[in-house]
Amino acid sequence: MYKFTLFLAAFLSLFFQSAVAAPIQPGFRGNVTLYVKSDNPDIDGQTLYTLNQQEIGLNRLYIGNYVDPKSTFFLVNSAIYQEFSDNVKIDYYVTYSPEGYLGTESGSDGITITDYDASTGAFQFSGDQFLYAVHVVDLPAYSASQYAIQVHSPADAPEGSSKVELYGRLNWAVL
Ligand SMILES: *[C@@H]1O[C@H](CO)[C@@H](O)[C@H](O)[C@H]1NC(C)=O
């Protein structure tokens, strides 16, 4: 896993440092619904949600038609997060696991969102061009028809995976 992490870091830094970016204004906070665009009609246009809010480790993002609250995300200056409270409010930032899965994690700064185009809903962040919907095969409770999102080199994208792009529909925003 360590080797893979190194590979992922090298891969990302090689391809994305030169991305042209206009950052989101400080103080901006928006409620966004995340969704994917894909050539695969089974998932095109479907929203992202989390199943769990574990305080330790990554809570993977899944693709499906699911509604609030687990599909509500907030976009700020340079990150996307979810907020849940039991007794205390906890923010879970959208980030990658060492295996490249996209999910939310508390205590993480999250991946840096370098640009958001509110008119198209397109995000710019490290790895945004190399995201794949992959079958969830490691959780017995979920059928192989469910998808998570993983960043991959196109050369070794998993069999049966579909390329996806991440978009956000802005429900409201304040400055
Ligand atoms: C965010 O927007 C969604 C969709 O409009 C809505 O269902 C949800 O209640 C909103 N959440 C907050 C905290 O405003």
Side-chain angles (χ1 to χ4, degrees), residues 19 21-97 100-136 139 141-143 145-151 162-175:
I24 300 159
Q25 284 187 65
F28 176 95
R29 185 170 183 266
N31 171 337
V32 288
T33 301
L34 302 181
Y35 66 100
V36 291
K37 287 190 180 178
S38 173
D39 288 342
N40 179 348
D42 287 346
I43 52 173
D44 184 43
Q46 295 209 4
T47 53
L48 302 188
Y49 63 95
T50 49
L51 278 173
N52 307 304
Q53 282 75 45
Q54 294 180 85
E55 284 180 45
I56 306 220
L58 190 91
N59 301 290
R60 267 185 286 184
L61 284 167
Y62 297 100
I63 298 171
N65 280 325
Y66 201 84
V67 286
D68 201 55
K70 292 179 176 177
S71 60
T72 292
F73 294 82
F74 298 101
L75 174 67
V76 287
N77 192 11
S78 59
I80 302 171
Y81 67 95
Q82 287 193 306
E83 192 169 81
F84 290 98
S85 51
D86 223 343
N87 294 315
V88 285
K89 272 190 191 164
I90 300 176
D91 293 340
Y92 296 82
Y93 283 85
V94 171
T95 190
Y96 293 117
S97 73
Y101 281 109
L102 198 62
T104 65
E105 201 170 313
S106 73
S108 160
D109 291 339
I111 35 176
T112 302
I113 308 297
T114 50
D115 186 46
Y116 174 65
D117 183 337
S119 62
T120 62
F123 292 109
Q124 271 181 29
F125 56 90
S126 180
D128 63 359
Q129 296 296 301
F130 297 91
L131 300 176
Y132 292 83
V134 296
H135 287 297
V136 177
L139 293 178
Y142 300 93
S143 73
S145 64
Q146 266 203 303
Y147 292 89
I149 299 179
Q150 203 172 7
V151 65
S162 309
K163 195 171 186 311
V164 295
E165 286 174 358
L166 185 64
Y167 284 81
R169 200 165 34 244
L170 202 58
N171 300 315
W172 55 251
V174 289
L175 239 187

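One-based numbering, in listed order, for ligands and for the atoms of each. In this chain, residues are counted from 1 in sequence order.
A side-chain donor-acceptor contact under 3.5 Å links Q82 and T50. Using modelled atom types and a 3.5 Å distance limit, the side chains of S38 and N40 yield no donor-acceptor pair.
Close approach of ligand 1 to N31 is summarised as follows: ligand atoms under 4.0 Å from at least one heavy atom of the residue are 1 (C), 2 (O), 3 (C), 8 (C), 10 (C), 11 (N), 12 (C), 14 (O). If you number the atoms of ligand 1 from 1 as listed, the ones under 4.0 Å from a heavy atom of W172 come out as 12 (C), 14 (O). The F74 neighbourhood of ligand 1 comprises atoms 13 (C), with distances under 4.0 Å to a heavy atom of that residue.
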Can you give me every donor-acceptor pair (side chain of residues 164-175, partner residue at least two apart or in another chain, under 3.5 Å) with its distance?
unit_1, atom_1, unit_2, atom_2, d
E165, OE1, Y167, OH, 3.3
N171, ND2, N31, OD1, 2.8
N171, ND2, T33, OG1, 2.9

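The distance criterion of under 3.5 Å between nitrogen or oxygen atoms is not met by T33 with respect to ligand 1.
Between the side chain of S85 and the backbone N or O of N87, no donor-acceptor pair lies under 3.5 Å.
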